[in-house]
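As a basis for the values below, the full set of heavy atoms in this structure was taken, side chains included, without hydrogen atoms, waters or symmetry mates. Note that ligands are numbered from 1 as they come in the structure, with each ligand's atoms numbered from 1 the same way.
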Amino acid sequence: MRHLIRKAGAALVSGLLLAGTAVVGMPVASAADNPYERGPDPTEASIEARLGSFDVAERSVSRLAVTGFGGGTIYYPTSTAEGTFGAVAVAPGYTASQSSMAWLGPRLASQGFVVFTIDTNTTSDQPSSRGDQLRSALDYLTARSVVSGRIDADRLAVMGHSMGGGGALEAAKDDSSLQAAIPLTPWNTDKTWPEVSTPTLIVGAQDDSIASVRLHAEPFYESLPGSADKAYLELRGASHFAPSTNNTTIAKYSISWLKRFVDDDLRYDQFLCPAPSTSTTISEYRSTCPY
Ligand code: 9J3
Ligand code: ZN
């Protein structure tokens, strides 16, 4: 529900911008208009870069120190000059560990997010359990972790690969206060997600033979409410395991999605709407633009 209110807010900001251009000396949009904007104005190059503008530190969290998930690694911007950051928990797939998602840690954190790549209780946990574990990880991160004071606990997101992506959908279904969800080549036996109101970017892999887009990513996307802010990005020629290694297409749209919906940062709208064209890396893209 909250993002519907935000949509009205975005329209208001656009209106103010238009009004602003009519007055000589009136400032254009700046960080002052949005308390959650972090980092410099983005460009195509900045969201495709291996690292963003923030220096990143990491802290490992032992599974023995937590309950409800299997520990993990926290990647966070070292600067506190701009205030707190939004945060995202990231779950791996079946049989995999946090290491399979490790590339997202520095890549997202350096853009201005606290990122928590987690291990699951067991590597065979099913998606509904992975969803609960993502939520437990965010609870730990915001309430008890060493970086809790650096995080805005109202601005949280979930990501995951395969069963972890199915888990990201489960987490959003169970917690409508989540600001963004990004399931990566998601796998789930539940094919329909009308209960999800969180802005959701589903990433499918065109040649996925484990979680085929026809049986997983595409019906998941189509079953999200039409009223929701949502997008479907299909990676051309990619396999189920594309999200397990550094991938610029996944990164640039994940960064844009998190910035747009966790930070309310309208500077990133330009990368999401109008929908990107098909290309050498994108075989299909669907969306509910404009957001
Ligand atoms: O997390 C995944 O990679 C799920 C794909 C899978 O192997 O499910 C079948 C049990
Ligand atoms: Zn369902």
Side-chain angles (χ1 to χ4, degrees), residues 63 66 68-73 88-105 107-108 115-138 157-175 178 180-193 195-196 198 200-224 230-247 249-251 253-254 257 283-284:
R63 70 166 57 237
V66 300
F69 65 108
T73 304
V88 54
V90 187
Y94 188 66
T95 74
S97 74
Q98 58 167 307
S99 63
S100 65
M101 297 286 100
W103 70 275
L104 282 167
R107 197 147 180 174
L108 299 180
V115 181
F116 195 11
T117 55
I118 66 165
D119 280 320
T120 44
N121 291 325
T122 82
T123 56
S124 55
D125 293 337
Q126 294 299 295
S128 62
S129 169
R130 287 170 197 258
D132 294 341
Q133 294 185 50
L134 283 165
R135 296 177 61 209
S136 294
L138 288 172
V158 287
M159 296 178 71
H161 175 224
S162 196
M163 283 195 191
L169 285 162
E170 302 274 1
K173 173 177 169 173
D174 291 346
D175 182 1
L178 288 169
I182 310 180
L184 305 170
T185 62
W187 186 98
N188 206 314
T189 53
D190 185 346
K191 307 302 185 189
T192 56
W193 302 92
E195 312 91 344
V196 172
T198 295
T200 300
L201 166 63
I202 295 189
V203 178
Q206 187 182 25
D207 296 343
D208 194 327
S209 55
I210 295 170
S212 73
V213 296
R214 186 176 68 83
L215 296 178
H216 296 267
E218 290 182 341
F220 297 173
Y221 172 80
E222 294 302 331
S223 71
L224 292 165
K230 60 177 182 172
Y232 171 63
L233 163 65
E234 189 179 273
L235 304 170
R236 186 182 293 282
S239 80
H240 184 61
F241 296 102
S244 303
T245 55
N246 217 317
N247 183 301
T249 308
I250 293 173
Y253 292 103
S254 296
W257 198 261
S283 49
E284 200 184 335

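Under a 3.5 Å cut-off, the side chain of Thr200 and the backbone N or O of Thr198 do form a donor-acceptor pair.
Counting the atoms of ligand 1 from 1 in the order shown, those under 4.0 Å from a heavy atom of Gly93 are 1 (O). Per-residue contacts place Ile210 under 4.0 angstrom from the following atoms of ligand 1 (heavy atoms of the residue considered): 5 (C), 6 (C), 7 (O). For ligand 1, the atoms lying closer than 4.0 Å to a non-hydrogen atom of His240 are 2 (C), 3 (O).
When hydrogens are left out, the protein atom nearest atom 10 (C) of ligand 1 is Met163 CE, 3.6 Å; that is the closest non-hydrogen contact. The protein non-hydrogen atom at the shortest distance from atom 9 (C) of ligand 1 is Trp187 CZ2, 3.8 Å. Regarding atom 4 (C) of ligand 1, its nearest protein heavy-atom neighbour is Ser162 OG, 2.7 Å.
A side-chain donor-acceptor contact under 3.5 Å links His161 and Thr185. Between the side chains of Glu170 and Asn188, at least one donor N or O lies within less than 3.5 Å of an accepting N or O.
Using a 4.0 Å cut-off between charged nitrogen and carboxylate oxygen, Asp207 and Arg236 do not count as a salt-bridge pair.
Note: an N/O pair closer than 3.5 Å links Tyr94 and ligand 1 by distance alone. Among the atoms of Gly164, none of the N or O lies under 3.5 angstrom from an N or O of ligand 1.
The only option from Leu178, Val88, Ile182 that meets the side chain to side chain contact (heavy atoms under 4.5 Å, CB included) definition with Val158 turns out to be Leu178.
A perpendicular orientation is assigned to the rings of Phe69 and Phe116, their planes being inclined by more than 60° (bins at 30° and 60°).
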